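In this chain, numbering begins with 1 at the start of the sequence shown. Since this is a predicted model, take the numbers as computed values, not measurements. Any value given below was found using the heavy atoms of this structure, including those in side chains, with hydrogens, waters and symmetry copies removed.
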Amino acid sequence: MSLESVRAFFASKAPDIEVMVKDASTATVVEAAAALGVEPAQIAKTLSIAVGDETILLVTRGDARLDNKKAKAAFGSKVKMLGLDVVEEITGHPVGGVCPFGLVQPLKVHCDISLKAFDVVYPAAGAVNAAVCITPERMAELTDAIWVDVCREPEAATQDA
């Protein structure tokens, strides 16, 4: 159902965008990059987070890490990652296929400015082996996303790891 909801989303809002289904897994950033033949940074990972009582989706570049101080400043509250057990219920997508398209219920979407480093990015498409190729600006436009600066620079993220 999840893959179909994403296909339906694009059929109605952006029929020029193709949902790619791969034989290999695209469930993790590393797997998606390998299956799609791109750098991990170009994978647009979607995080399901709680901000107070609200659930939002945050789309970041694949190698970015959330900066808790920046996130608290941007969202006005501490943020918490949702448990794996509730992500599919809230988004309609399985973990590894979570994306801001074809959601089971409306959720606010935020895109981290780190995505703007790329001409195109590759978010999941509702299944652990599906993705789309899209410009960051078009993704934000189609999902009514708000641009935020809540991630560490990739170099800083790897130095702290």
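- Side-chain contact, E31 with S25: a donor N or O sits under 3.5 Å from an acceptor N or O.
- V29 and P40 get closest at one heavy-atom pair: CG1-O, 3.5 Å.
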- Message: Please determine whether side chain to side chain contact (heavy atoms under 4.5 Å, CB included) holds for the pair I134 and L142, giving the CA-CA distance in whole Å, both sets of side-chain angles, and the decisive distance to 0.1 Å.
- Response: CA-CA 10 Å; I134 191 169; L142 288 171; 3.9 Å; yes
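- One distance of note links OG1 of T143 with CZ of R138; it measures 11.5 Å at 0.5 Å rounding.
- T26 and A130 make their closest contact through OG1-N, 3.2 Å (heavy atoms, listed as atom of the first residue, atom of the second, distance).
- Here C133 contributes atom SG and L36 contributes atom CG; the two are 9.0 Å apart, rounded to the nearest 0.5 Å.
- Within the 3.5 Å criterion, the main-chain N or O of G92 finds a donor-acceptor partner in the side chain of S2.
- When all heavy atoms are compared, the tightest approach of S5 to G102 is OG-O, 2.8 Å.
- Atom CG of residue D149 and atom NZ of residue K116 lie 10.5 Å apart, to the nearest 0.5 angstrom.
- I17 is not listed as a side-chain neighbour of P15, based on a closest heavy-atom distance of 4.5 Å or more.
- A heavy-atom distance below 4.5 Å is not found between the side chains of K45 and V59.
- You'll find the side chain of W147 reaches within 4.5 Å of the side chain of L115, heavy atoms only.
- What you find for P123 and F101 is that their closest heavy atoms are CG-CE1, 3.7 Å.
- At least one side-chain heavy atom of K108 sits less than 4.5 Å from a side-chain heavy atom of H110.
- When the side chains of ILVMFWY residues are joined at heavy-atom separations under 4.5 Å, either directly or via intervening members, L84 and V86 end up in a single hydrophobic cluster.
- Taking K22 as the reference, nothing meets the salt bridge (Lys or Arg N to Asp or Glu O under 4.0 Å) condition, with sequence neighbours excluded.
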- Message: Please determine whether salt bridge (charged side-chain N to carboxylate O under 4.0 Å, His left out) holds for the pair D67 and K69, giving the CA-CA distance in whole Å, both sets of side-chain angles, and the decisive distance to 0.1 Å.
- Response: CA-CA 6 Å; D67 182 308; K69 288 181 184 175; over 6 Å; no
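- Rounding to the nearest 0.5 Å places OG of S48 at 8.0 Å from CG of L107.
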- Check the pair T46, H93 against side chain to side chain contact (heavy atoms under 4.5 Å, CB included), reporting the backbone distance first and the verdict last. CA-CA 11 Å; T46 303; H93 303 316; over 6 Å; no
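- Cluster annotation: F9 and M139 are assigned to the same hydrophobic cluster (Ile/Leu/Val/Met/Phe/Trp/Tyr, side-chain heavy-atom contacts under 4.5 Å, transitive).
- Considering only heavy atoms from C-beta on, T135 stays 4.5 Å or farther from D119 through its side chain.
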- Residue pair E18, F10: steps toward the side chain to side chain contact (heavy atoms under 4.5 Å, CB included) verdict: CA-CA 8 Å; E18 175 191 355; F10 284 111; over 6 Å; no
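- A124 and G96 make their closest contact through CB-O, 4.2 Å (heavy atoms, listed as atom of the first residue, atom of the second, distance).
- Through side-chain heavy atoms spaced under 4.5 Å, either directly or across other Ile, Leu, Val, Met, Phe, Trp or Tyr residues, V30 is tied to no other residue.
- Under the 4.5 Å side-chain contact rule for hydrophobic residues, V109 and I113 share a cluster.
- For the atom pair CG of L57 and CG of L82, the computed distance is 8.5 Å after rounding to the nearest 0.5 Å.
- Of all heavy-atom pairs spanning P94 and A127, the tightest one is CG-CA, 4.3 Å.
- Around atom CG of D23, no more than 12 heavy atoms belonging to other residues, nucleotides or ligands sit under 6.0 Å away.
- In the hydrophobic clustering of this structure, V121 does not group with I43; members are Ile, Leu, Val, Met, Phe, Trp, Tyr whose side-chain heavy atoms approach within less than 4.5 Å, directly or through other members.
- Residue-environment remark: CD (E137) exceeds the threshold of 12 foreign heavy atoms within 6.0 Å.
- A heavy-atom distance below 4.5 Å is not found between the side chains of Q42 and R61.
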- Task: Determine, stepwise, if the pair D112 / K70 fulfils salt bridge (charged side-chain N to carboxylate O under 4.0 Å, His left out).
- Result: CA-CA 11 Å; D112 187 75; K70 283 182 168 184; over 6 Å; no
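- Counting Ile, Leu, Val, Met, Phe, Trp and Tyr side chains that sit under 4.5 Å apart, directly or through other members, L66 shares a hydrophobic cluster with L47, I49, V51, I56, L58, F75, V79, M81, I146, V148, V150.
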- Message: Under the criterion side chain to side chain contact (heavy atoms under 4.5 Å, CB included), I'd like the reasoning laid out for T91 against V104: C-alpha separation, chi angles, the key distance, then a yes or no.
- Response: CA-CA 6 Å; T91 66; V104 71; 5.7 Å; no
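- Summarising the geometry, atom SG belonging to C151 is positioned 10.5 Å from atom CZ belonging to R65; distances are rounded to the nearest 0.5 Å.
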